[in-house]
Amino acid sequence: MGLTLAQKILANHTSDPIDVGNFVNVRVDLTMGHDVSGPHSARILKKDMGVERVWDPEKVVLVTDHFLPARDIQAAALGKALRDFADEQNIPYYFEVGRSGICHVVLPEEGFVVPGDVIIGGDSHSCTYGALGAFGTGVGATDLAAVWATGEIWLRVPSTIKIRFTGKFQNWVYPKDVVLHLMKLLANDRANYKSLEFYDEVKGKIPVEGRMTISNMTIEAGGKVGMFLPDEVTFQYLKGRARKPYTPVYPDPDAEYEEEIVVNVSALEPQVALPFSPSNTVPISEVEGKKVPIDQVIIGSCTNARLSDLRIVGAILKALKGQKIHPKVRAILLPGSQRVYREALSEGLIEVFMDAGIAVSLSTCGPCFGGHVGVLGKGERAVSTTNRNFHGRMGHPDAEVYLASPAVAITSAILGYVASPIALGIPPVPVEVKKTATPHRSRRPRKQEVKT
């Protein structure tokens, strides 16, 4: 039998037998650590393993995004530890506050992610990188330290579920709705340690940023990786962006799959994941009539904080011409990176958000994991574009989080209850409004001379 996409990529990075279930030693192309995982891994590397230097500073990316700018003394210590480690190891790709953003937005945006690579991140949502045809997966601090020491990782070859997206996006339906519906189908653990191999057969194709939303939530179903097959959509996104040449990898025609799932996006309406699981997803028509009141809306996170997400929110507000956020709702919007923030500013979106009464905040993961900038209190209820809604995920264990697309989130913020944008009576906003700009290349200068 032939090989799946996951097997093909791993085969290119190991000399071990690539049969499903085998443990293989895999060469790694890139690693990522942030202000939570990075300092812990650095300590393990040096103190527990006795290794003084990372195997290749050019293959380490460090991003400050969870607790920074520092919310307290402990967070400041994490930031300092990551900064000191970057200096000590002479790591050129260190993204500091003000030149950073959410790690899973920054790495693809800055061209670090290319098809066929193996990318290991110290964060569970590193599966986001599969949107570009890379084998991206998250690990704990000890495993990340081991990769920093050796440039390799020990993995079990996953079996694969083939998932075909077909049909055409209906009005007000977005990739977030697709992945929430998929979470319901996979029911939390159906994809445990499996590769999800995504086939984009949707009319007009799913934009790369939408693919990132889908790959991002692979881990919510227990998946090891969630990868789209590279195509012209991928190549256009990487044009002028990729930091190195790449060779796309594809599965063999006779690859063996554990099962095949077809998701017809034409049959979907906007979705919402009810508390307390991403798999507890229902069509929003089952909720809207109940007029479930909310206290807060979060638009952001590594799932839905990219420019295309912000454009959807802005388009809805512009169509409503001066409409304000409901007086009993606080709405917080967090651009996914400084670059996204700047582009939203140049397009006039930030002014639109502020005029509506939205608090435009930091490019941080803060509220998603209940860290800062939007923690929920006891009994509060939020609609959020994040990826998890477990008990206590965004604050108090008795708070409730409803997961939804940016369109549903901003509609709920306006009306004061969980609602579909269909209720607004305005023309629908398409899945992709316009193209996203190509970034410049960021590299941290290691030595600077200051003239006085």
Side-chain angles (χ1 to χ4, degrees), residues 167-188 213 217 220 263-299 303-304 309 312-313 315-317 319-321 323-333 356-358 376-391 393-394 396 398-431:
K168 179 182 178 182
F169 280 101
Q170 300 301 295
N171 293 343
W172 300 114
V173 175
Y174 299 93
K176 182 60 168 282
D177 301 301
V178 174
V179 75
L180 287 177
H181 177 70
L182 182 61
M183 292 303 101
K184 180 180 181 178
L185 296 179
L186 296 174
N188 290 337
T213 295
M217 291 189 68
E220 269 60 71
V263 177
N264 181 1
V265 304
S266 301
L268 295 181
E269 63 177 89
Q271 306 284 301
V272 60
L274 310 180
F276 290 94
S277 171
S279 68
N280 191 19
T281 293
V282 298
I284 199 164
S285 58
E286 294 185 16
V287 181
E288 189 170 29
K290 300 176 182 178
K291 294 193 174 182
V292 179
I294 61 172
D295 303 285
Q296 179 170 289
V297 163
I298 293 290
I299 299 170
T303 316
N304 284 111
D309 300 308
I312 290 169
V313 176
I316 290 173
L317 290 171
L320 292 172
K321 298 179 180 178
Q323 176 68 54
K324 304 289 186 181
I325 300 304
H326 192 279
K328 291 187 178 181
V329 175
R330 57 187 184 273
I332 304 170
L333 184 145
I358 297 174
L376 294 174
K378 183 177 181 179
E380 289 195 307
R381 185 179 292 118
V383 172
S384 178
T385 67
T386 54
N387 41 48
R388 290 175 181 163
N389 60 344
F390 311 137
H391 281 284
R393 170 67 179 179
M394 291 181 66
H396 198 281
D398 292 336
E400 294 182 351
V401 178
Y402 290 67
L403 303 179
S405 72
V408 169
I410 188 59
T411 300
S412 303
I414 291 167
L415 298 180
Y417 58 88
V418 183
S420 165
I422 297 171
L424 298 175
I426 59 175
V429 180
V431 171

> Sequence neighbours excluded, which residues qualify as side chain to side chain donor-acceptor pair (under 3.5 Å) partners of Ser420?
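Ser420 satisfies side chain to side chain donor-acceptor pair (under 3.5 Å) with no residue once adjacent residues are dropped.
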> Going by heavy atoms in the side chains, are Val287 and Leu274 under 4.5 Å from each other?
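Yes - at least one pair of side-chain heavy atoms lies under 4.5 Å apart.
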> Can any side-chain N or O of Asn280 pair as donor or acceptor with the backbone N or O of Ala273 at less than 3.5 Å?
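Absent.
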> Report yes if some heavy atom in the side chain of Leu403 is under 4.5 Å from a heavy atom in the side chain of Asn387; otherwise report no.
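With C-beta onward as the side chain, the pair stays apart.
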> Contact between Val297 and Ile358 at the side-chain level, heavy atoms closer than 4.5 Å - yes or no?
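Side chain of Val297 against side chain of Ile358, heavy atoms only: no contact under 4.5 Å found.
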> Taking the side chain as every heavy atom from C-beta outward, state whether Ser279 and Leu186 have any pair of such atoms under 4.5 Å apart.
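A side-chain contact under 4.5 Å is absent here.
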> So Glu380 and Gln296, do their side chains get closer than 4.5 Å, heavy atoms only?
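No; the side chains remain at least 4.5 Å from each other.
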> Applying salt bridge (Lys or Arg N to Asp or Glu O under 4.0 Å), can you list everything that pairs with Arg393, at least two apart in sequence or on another chain?
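Per chain and number, Arg393 pairs via salt bridge (Lys or Arg N to Asp or Glu O under 4.0 Å) with no residue.
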> Would you please name every residue forming a side chain to side chain donor-acceptor pair (under 3.5 Å) with Thr281, sequence neighbours left out?
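Result, side chain to side chain donor-acceptor pair (under 3.5 Å) vs Thr281: none returned.
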> Do Tyr402 and Ser384 come close enough that some side-chain heavy atom pair is under 4.5 Å?
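Answer no - side chains too far apart.
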> With sequence neighbours left out, write down each residue that passes side chain to side chain donor-acceptor pair (under 3.5 Å) with Ser405, or none if nothing qualifies.
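Testing Ser405 for side chain to side chain donor-acceptor pair (under 3.5 Å), a comparison that skips the adjacent residues, returns none.
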> His326 and Leu415: side chain to side chain contact (heavy atoms under 4.5 Å, CB included), yes or no, with the steps?
CA-CA 6 Å; His326 192 279; Leu415 298 180; 5.9 Å; no
> Provide the full list of salt bridge (Lys or Arg N to Asp or Glu O under 4.0 Å) pairs with a residue in residues 263-282, sequence neighbours left out, each pair given once.
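Qualifying pairs: none.
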> Begin with the C-alpha distance, continue with both residues' side-chain angles, and end with the deciding distance and a verdict on side chain to side chain contact (heavy atoms under 4.5 Å, CB included) for Thr385 and Asp309.
CA-CA 10 Å; Thr385 67; Asp309 300 308; over 6 Å; no
> Dump the intermediate steps for side chain to side chain contact (heavy atoms under 4.5 Å, CB included) on Ile414 and Leu317, then the final yes or no.
CA-CA 9 Å; Ile414 291 167; Leu317 290 171; 4.0 Å; yes
> With a 4.5 Å limit on heavy-atom distance, are the side chains of Phe169 and Pro175 in contact?
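Sidechains of Pro175 and Phe169: in contact.
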> Do Ile294 and Val418 have side-chain heavy atoms sitting under 4.5 Å apart?
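Touching, per the 4.5 Å side-chain cut-off.
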> Can you tell me which residue pairs pass the side chain to side chain donor-acceptor pair (under 3.5 Å) test with a partner in residues 169-187, sequence neighbours excluded?
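Output for this query lists Lys176-Asn304.
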> State whether the side chain of Arg388 and the backbone N or O of Glu220 hold a donor-acceptor pair below 3.5 Å, judged by distance alone.
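Pair absent, no side-chain N/O of Arg388 close to backbone of Glu220.
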> Between Asp398 (side chain) and Gly379 (backbone), is there a donor-acceptor pair under 3.5 Å?
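No; zero donor-acceptor contacts below 3.5 Å.
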> Whether the side chain of Thr303 engages the backbone of Thr213 through a donor-acceptor N/O pair (distance < 3.5 Å, no angle test) should be reported.
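Such a contact is absent between Thr303 side chain and Thr213 backbone.
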